[in-house]
Amino acid sequence: MPAGRKTHEYPHGKPIPIVLLDIAMVIVGVSWVAFASKSWIRAVPLIAVFLAIALVYSKLLRAYERTGEAVRIARPLTVVKFVNGIPGPILMLRYAFFVTVAIMIVFGVARVEDATAKVGIIGCVIGLFVIGFLHLAIEHHYVSTGRAKEVDSSRRLTPPAEHPKQ
């Protein structure tokens with residue numbers, strides 16, 4: 001899909017139907033920006049078209065994977081494990097995330113002036129980005145100081161238990 005990182009290699013070149021679906025997805029995205037902000041009535045057909053394109057893309061990609069025309073790029077998933085439990089600053093940031101989301105929902109549901117709600121929701125979105133960047137920075141600090149370690153979660157974390165021989 002466009003605007004994402006590359007997920008597949010195509011040994012014989014990217015198939016034309018996949019390219020056409022990528023172009024259609026870009027057209028739907030531009031249409032969303034142009035029309036959906038004006039009315040929810042205009043957004044509904046765009047959502048339906050997006051879902052239809054995504055479904056066809058998924059089915060087509062699965063078929064290309066089976067024939068070998070598309071090869072999935074394996075990416076290891078790393079997880080940060082803390083040695084002595086989750087540190088206080090990380091816990092505070094996790095709680096702050098949920099509190100910020102709750103405040104954003106309150107601004108969207110409560111009877112508040114539109115201008116106030118808009119400023120509050122924008123502030124919450126900016127706050128969520130700040131919380132995310134701080135979380136990453138603090139995790140990186142704990143990993144670099146040795147108080148946490150990155151673990152490849154695609155492997156088993158614990159070896160399988162051996163069964164007694166009979």
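Residues G68 and P11 approach most closely at O-CG, 3.9 Å, considering heavy atoms. Residues Y57 and L21 approach most closely at CA-CD1, 3.7 Å, considering heavy atoms.
Hydrophobic clustering, with ILVMFWY side chains joined whenever heavy atoms are under 4.5 angstrom apart, groups M25 together with V56. No chain of hydrophobic side-chain contacts below 4.5 Å, direct or via other Ile, Leu, Val, Met, Phe, Trp or Tyr residues, connects I53 to I16. At a threshold of 4.5 Å between side-chain heavy atoms, the hydrophobic network of Ile, Leu, Val, Met, Phe, Trp and Tyr places L51 and I18 in one connected group.
Under the salt bridge (Lys or Arg N to Asp or Glu O under 4.0 Å) criterion, E150 pairs with no residue at all, not counting sequence neighbours. For R72, the side-chain hydrogen bond (donor to acceptor under 3.5 Å, both in side chains) criterion is met by E65, not counting sequence neighbours. In this structure I41 satisfies the side-chain contact (heavy atoms from CB on, under 4.5 Å) test together with S39, sequence neighbours excluded.
When side chains are defined from C-beta on, P17 counts as touching Y64, because their heavy atoms get closer than 4.5 Å. For the pair V151 and T78, the minimum side-chain heavy-atom distance is 4.5 Å or more.
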Passes side chain to side chain contact (heavy atoms under 4.5 Å, CB included), H8 versus L61? Steps please. CA-CA 9 Å; H8 289 80; L61 199 56; 3.3 Å; yes
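Interatomic distance, CG of L20 versus NZ of K14, reported as 11.0 Å (0.5 Å rounding).
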Could you list the donor-acceptor pairs under 3.5 angstrom formed between side-chain atoms of residues 136-149 and any protein atom two or more places apart in sequence or on another chain?
{"from": "S144", "atom 1": "OG", "to": "H140", "atom 2": "O", "distance (Å)": "3.1"}
{"from": "S144", "atom 1": "OG", "to": "H141", "atom 2": "O", "distance (Å)": "3.0"}
{"from": "T145", "atom 1": "OG1", "to": "H141", "atom 2": "O", "distance (Å)": "3.0"}
{"from": "T145", "atom 1": "OG1", "to": "Y142", "atom 2": "O", "distance (Å)": "3.2"}

Considering only distance and modelled atom types, tabulate donor-acceptor pairs under 3.5 Å from the side chains of residues 110-131, sequence neighbours left out.
none

Result block: side-chain N/O donor-acceptor pairs under 3.5 angstrom for residues 87-108, not counting sequence neighbours:
{"from": "R94", "atom 1": "NE", "to": "H135", "atom 2": "NE2", "distance (Å)": "3.4"}
{"from": "T100", "atom 1": "OG1", "to": "A96", "atom 2": "O", "distance (Å)": "2.7"}

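The backbone N or O of I27 sits less than 3.5 Å from a side-chain atom of S31, completing a donor-acceptor pair.
The environment of Y10 atom OH is dense: over 12 non-hydrogen atoms of other residues, nucleotides or ligands sit within 6.0 angstrom.
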